[in-house]
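Contents: one structure, followed by commentary.
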Amino acid sequence: MTIALSHVQALALFLLPGGEAVPQFSERGDAFFQGGEPLSLTTTCGSPRKDFIVEVNGGGLVLADFDTDGDPDLVVVDGSTLERAVAGEPGEPPRLLLNRGDGRFDLAGGEWGMSGGRWGTGGASGDVDGDGDPDLVVTQWGPDRLFLNDGGEGLREVEEPFRGKRWGTSAAFLDYDLDGQLDLVVVNYLAFYPDEVQGKADGACRWKGHPVMCGPEGLSPVHDQLYRGDGRGGFTETTRPAGFQARDAGYGLGAITLDYDLDGDTDVYVSNDSTPNHLWVNGGDGTFEEQGLALSVSHAPGGREEAGMGIACGDLDGDEYPDLFVTNFSGEPNRFYASRPSDRGVRYRNNTDRLALGGPSMLYLGWGTALEDFDLDGDRDLFVLNGHVYPEADRAGTDTSYAQPDHLYRNTGGRFAQESLSDGPPRVSRAGVAADLDADGDPDIVAVELDGEIRVLENRGGPGHWLSVTLTQEGGNSSALGATITAVVADGLLVGEVRTAGGFQTSVPPAVHLGLGEHDGPLELRVRWPGGHVTRHTVQEVDRAIEVVRPAEEPAAEEDE
């Protein structure tokens, strides 16, 4: 693909007059307000000592247009302390912040207020009742929660919508059986009972000679769950009938939806901590089969299990097939699995070192991530948020640190160059999500700092053009999750899949954002809607956000695209 500006051209935007490089993102200090006054937004996740594993993963982020005014709002999923959880006291409540339209947010109250649950972790958004506005799922160490959106005017919690009281981390909405209603995957981590797990003070678990919290090894992993939606806000668990249960459970952390083989239905990829990753292949008949090992996305080369955290997904090379990226523990490289279609089907190849992503990531422990064109030059870049799980990482002899710099991996035309993500200091970062918060055409980032601030990283932009596309269709899956959007430009294809799942304990708006480089239009869009029907649309002007509505009457679906 040749539409991208050169790496030299892209970097020229981020050099000060004296030649000093400026990071792609700047830390925005005026992002949050309450009653018109600046607000420092922080989260809680146990004690700073991190005596137990429940205290180390942090909270979650959900971006969606909850008030239906055209810009993404933000839900911050907060945690608790072990003392409060054991005493049966509620944790910190999820908080909704409404976007002013310029990337600044007001803390919402009134009908938007949510109560505290046991211990919030992550979340997902999707229109589960088919009324056209996004609803909210909050995962927990405890029962997962569902909040229905009342026409963009408030959130109403549904009593006990899901089974069990597991430790849910990430969640993903999809229409796995193509009935037009949204279904849900909840990824679970492990069985944690405070009175049965030794704390750091017991000295039972050590890392590089230092006493640390115990887990996940030695604790019991828990199977993930699949729920079928009825289109009215109700869910029935179908984990076993649908075959969505691996022989061996993993310590689940990240989840993303994708159509890995372009057969028209939605598959699910799950990153597992210290256990093999799972790729759930949709059989097209309401069932799944786990094929992570067969498709070469479950282990490191040589068969070693790695500690997967966050997931990014996107078509890097313009072949229309989605590639996968997984962030891992320190001492393990982050992994890039490149899709390789052939006459015998689709498999993946480990392209980590070929893309220069391995060595530069070895010292860091990665979490939130996304594969987006942050500099708008026509190819996708990566961001990775880093931070260790052990405060003891700051001690001598560990070869790492607790707080770590976050990174941008800039695509330089076939390889990635590691750069500082922002102008902020090293942090103990966790969840992160990317979307255009201020309507200026480039994706910004929201990041969670463990026991610290929620940060908004404003994108300084790039030299290229862009297009943001949302889809609308009738029925419960109103945002057409699972659809694929392909921009046909002079020098190749730019492809994006409509999803709200991704990263680690996060959810994104259902928009496909395309960096176009020097291409200033017009261009052709191909939309493959859920179920396989294809429509074509000509876009005369770029550098804007557009909505494509599915036609009410359709001709016969096209088989080959």
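Using modelled atom types, no side-chain atom of Thr500 and backbone atom of Pro510 make a donor-acceptor pair closer than 3.5 Å. Between the side chain of Arg544 and the main chain of Glu541, a donor-acceptor pair closer than 3.5 Å is present. No side-chain donor-acceptor contact under 3.5 Å links Thr506 to the backbone of Gly60. A distance-only check finds a donor-acceptor pair linking the side chain of Tyr269 to the backbone of Val297 [under 3.5 Å].
Ion pairing of Arg536 with Glu524 is present here, as a side-chain N (NZ or NE/NH1/NH2) and a carboxylate O approach within less than 4.0 Å. Between Arg247 and Glu290 there is no salt bridge, since none of the side-chain N atoms of the basic residue sits less than 4.0 Å from a carboxylate O of the acidic one. Taking 4.0 Å as the cut-off between side-chain N and carboxylate O, Arg340 and Asp317 count as a salt-bridged pair. Under 4.0 Å is where a charged nitrogen must lie from a carboxylate oxygen, and between Arg526 and Glu320 at least one such pair does. Salt bridge Arg528/Asp259: absent, no basic N to carboxylate O contact under 4.0 Å.
Side chains of Thr470 and Glu547: no donor on one and acceptor on the other come within 3.5 Å. Gln181 and Asp230 form no side-chain donor-acceptor contact under 3.5 Å, judged by distance and modelled atom types alone. In this structure, a donor-acceptor pair under 3.5 Å is absent between the side chains of Tyr409 and Ser361. For the residue pair Thr121 / Thr169, no side-chain donor-acceptor distance below 3.5 Å is found, with atom types taken as modelled. Counting only N and O atoms by type, the side chains of Ser420 and His407 include no donor and acceptor under 3.5 Å apart. Using modelled atom types and a 3.5 Å distance limit, the side chains of Arg347 and Ser296 yield a donor-acceptor pair.
In Arg240, the CZ atom is not crowded: 12 or fewer heavy atoms of neighbouring residues, nucleotides or ligands sit closer than 6.0 Å.
The aromatic rings of Phe416 and Phe336 lie tilted to each other, with the angle between the two planes from 30° to 60°. Relative orientation of the Trp167 and Tyr189 rings is perpendicular, given thresholds of 30° and 60° on the angle between their planes.
For the residue pair Thr327 and Trp367, the shortest heavy atom distance occurs at OG1-O, 3.0 Å. Pairing each heavy atom of Gly229 with each of Asp179, the nearest pair is O-OD2, 4.3 Å. Minimum heavy-atom separation, Val548 to Val469: CG2-CG1, 4.1 Å. Of all the heavy atoms in Trp280 and Gln245, the pair that sits closest is CH2-N, 3.3 Å. Of all non-hydrogen atoms in Pro509 and Pro72, the two that sit nearest each other are CG-CB, 4.0 Å. When all heavy atoms are compared, the tightest approach of His513 to Glu372 is O-OE1, 3.9 Å.
Taking the side chain as every heavy atom from C-beta outward, Leu408 and Leu382 never approach each other to under 4.5 Å. Side-chain atoms of Phe235 and Asp183, non-hydrogen and from C-beta on, never get closer than 4.5 Å to each other. Residues Leu523 and Leu467 form a side-chain contact, since some pair of their non-hydrogen atoms from C-beta on lies under 4.5 Å apart. Residues Tyr321 and Asp315 form no side-chain contact, since every pair of their non-hydrogen atoms from C-beta on lies 4.5 Å or further apart. The side-chain heavy atoms of Thr257 and Asp175, taken from C-beta on, include no pair separated by under 4.5 Å.
Just one of Arg410, Arg380, Arg460 meets the salt bridge (charged side-chain N to carboxylate O under 4.0 Å, His left out) condition when paired with Asp375; it is Arg410. Across Asp520, Asp377, Asp543, a single residue satisfies side-chain hydrogen bond (donor to acceptor under 3.5 Å, both in side chains) together with His465, and that is Asp543.
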